[in-house]
Every structure is written in C-alpha cells, then in structure tokens.
Amino acid sequence: KLKGALFDLDGVLVDTASYHYLAWKELANELNIPFTKVDNERLKGVSRMASLDILLSLDKENRLYTSEQKEAMATRKNDLYVQLIRHMDASEILPGVVSLLKMLREQGVKIALGSASKNAPKIMASTGLSAFFDAVIDGNVAANAKPDPEVFLKGAAAIGISPDECAVFEDAEAGLQAAKSAGCFAIGVGESVNLPSADVVYSDLTLFDLSVYF
Ligand code: G6P
Ligand code: MG
C-alpha cells in the first residue's frame, strides 16, 4: 500500500490551463505569432521559460531575441496570468479533488505538491487547498523542470516517505515521466492517448478508487 501522495497543481487540482492559454495567446498576438489551443497542449507541465521557447519556435519569421527581451516577454505573460488568476477561489478546484484529499488525510497518507509553477503558493492559498498539504514543492524551490524528477523527489523527502511508496497525480506526459524517473507510481488524469507513461489513467478524479492504492 502507498503511503504518500504527490500532486501536480495545474490540470490536476485546478483548471488553470485556460488561464495560461489566454495569457500566452495575448503575448503571441502582441508578437504576431500564430498560437492555438492545440499548440497550448505542448506547454502543459512545462516551465515558463521553456514554454516561451516553444511559443517563439512557432514564429513564421524566426526572429531571434536577446535573453533580456525573453525575460521581458516571460514577465509580460506572467503579469497577464496573475491578473487572470486574481479572483480564483474554491469553486475552481476540479471535481473529485477535495473528497480525495479529505479521504487521504483520514487514512494518514502524507500529501505534497509537486508543481513547476512559481504561482503555486498564490493559487493554493486563494482556493484553500493549502490546508490539505504537508509540503509544497513548486517552481520557486525546484531548479529543474519536469520531466526531471526533482519536484517529486523533493516532495517525497519533505513528507518523509520513500518515492516508491508515493503515488504521483499528473495531467501531463512530462510530469508522468518525472514521476517514473523518481520511482513513484504514476497516475495520469486525462486521456490515456496523451499519457503513455502513466501506470494507470483516470479521466477525472471522481472515478478514483482510493482503496486500490492506499
Ligand atoms: C505548470 C503549468 C505550465 C506552466 C508552468 C509554470 O507546469 O502546467 O503551463 O507554464 O506550471 O508556471 P508559472 O506559473 O511559474 O509560469
Ligand atoms: Mg499539470
């Protein structure tokens, strides 16, 4: 039986993908780069600067930018994103999440966040999710983005559970690869076609049966 649960944030606990998309789309418009919702799928789970590089790779004119210019673009995107998430509350927690977190706590399972986002603390606080977590590992404390296992290794260490006794809940293939490299059991949330590295996939967390794993 597993003793620890490590959660991704965006797309697993809250649906922020649409806000990330709107902010990237606005930046893309300002730069005159074509950018669609399908392109946005490639940014899921990917760090802010790596996401910017993917967006700039879609530029038909292949313009090159200095690192200062790229920093300014990433800041612009984040300012737009922060405006969009300003009013987030508990109503934006995804279905099944709160009851799962409650049941895990009741069973004494330790819970940590493993997210690439530097905005995780804001979102955890405004939605009330912080209350369920024993540890938060996010983009402010991790140097390496998924598929590097850093956030999950640090998450397992922070709750004092060996990674092979932890489950990771992830909606992105890069995150599932990170979970497997960390030695965790990898639970995909979404569509199996997009999540080949998952040990098991649930289309949403209302369908998750805790007693099978914990
Ligand atoms: C998560 C999201 C990505 C986002 C990344 C960095 O992994 O899935 O879409 O780019 O976090 O988020 P941040 O809030 O630091 O820009
Ligand atoms: Mg995610």
Side-chain angles (χ1 to χ4, degrees), residues 5-28 35-58 70-86 88 92-97 112-127 129 136-152 154-155 167-180 182 184 186-191 194-198 201-205:
L6 309 175
F7 285 88
D8 174 46
L9 176 67
D10 298 281
V12 172
L13 301 176
V14 284
D15 182 19
T16 44
S18 52
Y19 297 134
H20 278 294
Y21 170 70
L22 288 170
W24 285 122
K25 180 68 184 164
E26 174 63 26
L27 179 72
F35 181 69
T36 66
K37 284 196 170 167
V38 174
D39 297 325
N40 190 59
E41 287 299 306
R42 292 168 61 197
L43 310 189
K44 287 187 179 174
V46 176
S47 73
R48 195 180 307 166
M49 288 312 283
S51 298
L52 177 64
D53 284 333
I54 294 173
L55 187 128
L56 293 176
S57 77
L58 301 169
K70 292 212 285 186
E71 282 296 338
M73 289 172 194
T75 300
R76 169 79 179 134
K77 183 269 173 177
N78 194 55
D79 289 345
L80 292 162
Y81 180 67
V82 168
Q83 283 302 309
L84 291 166
I85 62 169
R86 214 171 25 154
M88 274 185 88
E92 291 181 72
I93 298 173
L94 284 164
V97 167
L113 188 81
S115 166
S117 176
K118 293 186 168 153
N119 293 299
K122 268 189 224 92
I123 295 169
M124 296 289 284
S126 64
T127 56
L129 282 168
V136 172
I137 308 298
D138 62 26
N140 300 296
V141 291
N144 303 297
K146 300 166 189 175
D148 188 286
E150 182 181 1
V151 285
F152 297 132
K154 285 194 169 154
V168 165
F169 294 82
E170 256 294 348
D171 70 316
E173 173 59 12
L176 291 162
Q177 288 170 2
K180 292 317 291 174
C184 302
I187 300 171
V189 184
E191 289 180 53
N194 302 326
L195 307 171
S197 297
V201 176
Y202 290 88
S203 54
D204 72 69
L205 287 174

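If you're wondering where the values come from, they're calculated on a predicted model, not measured in any experiment. For ligands, and for the atoms within them, numbers begin at 1 and follow the listed sequence.
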Original post:
Between Arg48 and ligand 1, does any nitrogen or oxygen pair lie at a separation below 3.5 Å?
Top reply: yes
Subject >> Distance-only N or O hit between ligand 1 and Asn119, under 3.5 Å >> reply: yes
**OP:** Please lay out, stage by stage, how Val82 and Lys122 fare under the test side chain to side chain contact (heavy atoms under 4.5 Å, CB included).
**Re:** CA-CA 9 Å; Val82 168; Lys122 268 189 224 92; 3.9 Å; yes
Subject >> Per-atom contacts, ligand 1 versus Gly45 - under 4.0 Å to a heavy atom >> reply: 2 (C), 3 (C), 7 (O), 8 (O)
Original post:
With atoms numbered from 1 as shown, which atoms in ligand 1 lie under 4.0 angstrom from a non-hydrogen atom of Leu43?
Top reply: 3 (C), 9 (O)
Original post:
Can you tell which of Ser115, Ala172, Ser117 gets a heavy atom nearest to atom 14 (O) of ligand 1?
Top reply: Ser117
Original post:
If every non-hydrogen atom of Val141 is compared with every non-hydrogen atom of Lys154, which pair is closest and at what distance?
Top reply: O-NZ, 3.4 Å
Original post:
Nearest 0.5 Å, what's the CD1-CG distance between Ile187 and Asp8?
Top reply: 13.0 Å
Original post:
Counting heavy atoms not belonging to Lys118, are there more than 12 under 6.0 Å from its NZ?
Top reply: no
Original post:
Looking at OG1 of Thr36 and CD of Glu41, how far apart are the two atoms once the value is rounded to the nearest 0.5 Å?
Top reply: 9.5 Å
Original post:
Among protein heavy atoms, which sits nearest to atom 4 (C) of ligand 1, and what does the distance come to when rounded to 0.1 Å?
Top reply: Val46 O, 3.3 Å
Original post:
Counting from 1, what ligand 1 atoms have a heavy atom of Ser51 closer than 4.0 Å?
Top reply: 10 (O)
Original post:
Looking just at side-chain N and O atoms, do Asn78 and Thr75 make a donor-acceptor pair shorter than 3.5 Å?
Top reply: no
Subject >> Minimal non-hydrogen separation, Ala174 against Lys146, with atom names >> reply: O-CB, 3.8 Å
**OP:** Provide the atom name of the closest N, O or S atom of Asp8 relative to the Mg ion (ligand 2).
**Re:** OD2
Original post:
Do any N/O atoms on Lys118 end up under 3.5 angstrom from N/O atoms on ligand 1?
Top reply: yes
**OP:** Give a yes or no on whether the backbone of Val46 and the side-chain of Ser51 come within a donor-acceptor separation of less than 3.5 Å.
**Re:** yes
**OP:** Report yes if Tyr81 has an N/O atom closer than 3.5 Å to an N/O atom of ligand 1; otherwise report no.
**Re:** no
Original post:
Relative to the Mg ion (ligand 2), which of the N, O or S atoms in Asp10 is the closest?
Top reply: O
Original post:
CZ/Phe7 to CG/Leu205 distance, rounded to the nearest 0.5 angstrom?
Top reply: 7.0 Å
Original post:
Non-hydrogen atoms of Gly139 versus ligand 1: any pair closer than 4.0 Å?
Top reply: no
Subject >> the Mg ion (ligand 2) - closest N/O/S atom in Asp171 >> reply: OD1
Original post:
Quick one: nearest non-hydrogen protein atom to atom 1 (C) of ligand 1, plus distance?
Top reply: Asp10 OD2, 3.3 Å
